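A quick write-up on the structure given underneath.
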Number of protein chains: 2
Amino acid sequence: MAKLDFSPIADTTRRAEIVALLRRAILTGQLEPGQKLNELRISEQMRVSRAPLREAMRELVQEGILTSIPYAGTFVIDVTAKDIIDAYSLNKVLDEFAIELAWPLRDQRFFDELDRRHETVKAATRALDTTRQIETALQLHGLIYEWADNSVLLETWQRLTSRLQMYFALHQRARNEPVPAEDVHETYVALLKGSDMRAAQRHAREHIDLDFEELLAYARGLEKRASTGADRPR
Amino acid sequence: MAKLDFSPIADTTRRAEIVALLRRAILTGQLEPGQKLNELRISEQMRVSRAPLREAMRELVQEGILTSIPYAGTFVIDVTAKDIIDAYSLNKVLDEFAIELAWPLRDQRFFDELDRRHETVKAATRALDTTRQIETALQLHGLIYEWADNSVLLETWQRLTSRLQMYFALHQRARNEPVPAEDVHETYVALLKGSDMRAAQRHAREHIDLDFEELLAYARGLEKRASTGADRPR
DNA sequence: GACAATCAGATTGTCGACAATCTAACAAGA
DNA sequence: TCTTGTTAGATTGTCGACAATCTGATTGTC
C-alpha cells in the first residue's frame, strides 16, 4: 500500500472559526486593547448565536489575550510597559532553552524549512504587508521551538507569541510607517546554520533587544494616555 | 483613611464553580487520563445546564488538562513519559529564572510567607493527606514565582503546575502507599533564605531530579499498558 | 446642592430544545 | 468472508428565550 500521511481534517465547528476570527482581529490590532466585546452585537455580525461565541471567548480568555469580569463583560487585554518587559524577558530565557534543545536535532529538513520561512518573511517585507511580516517573522522564529521536540515548551511559546504579535501589531499601527525594507533576520538564520551554539543564543538575545527598545517606547506612550479610553474595565 | 487591602470578591458564576470542581477532580486523579467527559451526565450530576459546563470545559482545554475532538467528545489528557520529561525540563529552566528574578526582591514578608507555606506542607504531611501534601508543596514551590514580579512567568508556571500536580497525584494514587514522613523541603527553604543564589538554583534543579525518577518509572508503566483503556480518543 | 433609594435599560449568565454529527450494529451484495 | 450501505441511538454543537446582574439616570429627601 502506498504510504501517504494525510493531515488532520480541519475543525468545522462554528466555535473554531469564531476563535480564529476573533484572534486575528485582536492580534492585528483591529480590536484595541481594553475594548469591550459586546456578545450580542458580535454574534449578530457573525450570524451565529451567542453560545459558540461565548465558548470561543472562553478559549481566548485562557489564551491570555482576553480578560473577563463576571456580569461586566469580556475585554481585550490591556497592554502595559511591564507586560511587554515581562513577556520579552521570559522570551529570552525560552529562546536560549529552545536553541539548546533544537541544536543537536538540526538536519537538512531543518535548514530547508529555515530558508523557506526566511523567504516568506522577505516576500511579505517586499510586499509591504506589515501584518503578514510580523506573522511570518514570528513563524521563522518559532522553528527552533518546533524543532526542540518539547511539546510543553512549544505550547508555552505559542501563548507568548500571541501577545508578542499583538504588541508588534499595535506598535506598527501606532507609528503608521512603511516597514523597514532591510533584512534583519539574515544573521539569525546564518548563525542557526553554523556550529557555534553559544553565538546563536547570544544573538537571539541581542536581536530581541533591538526591536524591544522601540516597542517599549511605544508602551510607555500607552501608559501615559491610559485610563482615558471610553469603555475599559475598572 | 485606614489602609486596608480587600481581596477580590469571589466569582459567583456557575461556570467558575464548575471549573474549580472539574479541575480538582482531574488534578487529584479522580478523573483518569484518557477518560471521556459526558456532558449530559455531568450536567445532571451537578444540576446545571450544559451551557456553563461546556464553557468551563473550554477553559480547561485551553489550560491544557483536557483535550477536545469536535463531535467526538472532551477527554482528560493522556499522560506519556515524554510529557513528564518535557514538563520537568522546562520547569527547571523556569525555576532558575524565577529564583534569579525573585532573589533581589526577597524581604521579611517573603521569608515569613516561606515559613508559613513550609509549615502548611508539614501539617499536610503529618496528617497523611496525600492530595493536600502535593498541593501545598507546589504552593511552597510557587512562592518564588509569585515574588519574581513577572506576570507572564507566573502564569506560565501555573499552567505547568496543573500538569505536575496531576502527574504527582496519579503517581501517588498508583503506588498507593502512605506519604514519606520526612521533610524534603528543609534544604530548599534554607537555601532560599541564604545568600548563595547559585546554590539555590542548583538545589532546585537537583531536588526536582529526585522525585523525577520515581515519576518517570510510573509514566513508563503507563506507556506499556496504553491503548487498552475503554473510552479513549484515537 | 448633596446624598440615598428606586427604577428602566442594557448586558451577561443560564436554561431547555432542536439540529448536526458520530458510532456501532446490522443487512446486503460480491 | 469481506466489504459496503443503511439505520438507530447516543452525544456534541447550536439556537432562541428567560433569569440574574450591573449601570446610569431619575426621583425624593434632608
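Every chain is numbered from 1, with letters handed out A, B, ... down the list of sequences. What you are looking at is a predicted structure, and each value in this text was computed from that prediction instead of being measured. Excluded from the calculations below are hydrogen atoms, water molecules and symmetry mates; all remaining heavy atoms, backbone and side chain alike, are included.
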Query raised in the report: Using 4.0 Å as the upper bound for N to carboxylate O, is an ion pair formed by Glu119(B) and Arg116(B)?
Result: no
Query raised in the report: NZ of Lys36(B) versus C1' of dT12(D): gap in Å, rounded?
Result: 8 Å
**Report entry** Residue Thr13(B), side-chain heavy atoms: nucleotide from dC15(C), dG13(D), dG13(C) that is nearest
**Finding:** dG13(C)
Query raised in the report: Quick one: which of dC15(D), dT12(D), dT11(C) gets closest to the side chain of Asn38(A)?
Result: dT11(C)
**Report entry** Whole-Å distance separating the CZ atom of Arg47(B) from the C1' atom of dT14(C)
**Finding:** 17 Å
Query raised in the report: Separation of Arg14(A) atom CZ from dC15(D) atom C1', in whole Å?
Result: 9 Å
Query - Closest contact, heavy atoms only, Pro52(A) versus Val48(A) - result: CG-CB, 4.5 Å
Requested in this report: Would you kindly give the CZ-to-P distance between Arg41(A) and dT12(C), to the nearest whole Å?
Outcome: 10 Å
Query - Test salt bridge (Lys or Arg N to Asp or Glu O under 4.0 Å) applied to Arg50(B) and Glu55(B), Glu44(B), Glu39(B), the passing residue - result: Glu39(B)
Query raised in the report: Under 4.0 Å between a side-chain N/O of Ser49(B) and OP1 or OP2 of dT14(C), yes or no?
Result: no
Query raised in the report: Rounded to the Å, how far apart are Arg54(A) CZ and dG13(D) P?
Result: 17 Å
Query raised in the report: Can you check the Arg15(B) CZ to dA19(D) P distance for me, whole Å?
Result: 20 Å
Report summary line: Any strand, both distances under 3.5 Å, Watson-Crick or G-U wobble: dC30(D) pairs with dG1(C)
Query raised in the report: Closest nucleotide of DNA chain D for Tyr71(A) versus for Thr74(B): which of these residues is on the 5' side?
Result: Thr74(B)
Query raised in the report: Atom CG of Leu40(B) and atom P of dG13(D): how far apart are they, to the nearest Å?
Result: 13 Å
Query raised in the report: When you check the side-chain N and O atoms of Tyr145(A) and Asn150(A), is any donor under 3.5 Å from an acceptor?
Result: no
Query raised in the report: When the distance from CZ of Arg50(B) to P of dG13(C) is rounded to whole Å, what number comes out?
Result: 19 Å
Query raised in the report: With a 4.0 Å cut-off on heavy atoms, is Leu37(A) in touch with a base, just the backbone sugar-phosphate, or nothing at all?
Result: sugar-phosphate
Requested in this report: Check whether the side chains of Gln133(A) and Thr125(A) place a donor and an acceptor atom closer than 3.5 Å, and report yes or no.
Outcome: yes
Query raised in the report: Which comes earlier along DNA chain C counting from the 5' end, the contact point of Ala51(A) or that of Gly73(A), where each point is its nearest nucleotide?
Result: Gly73(A)
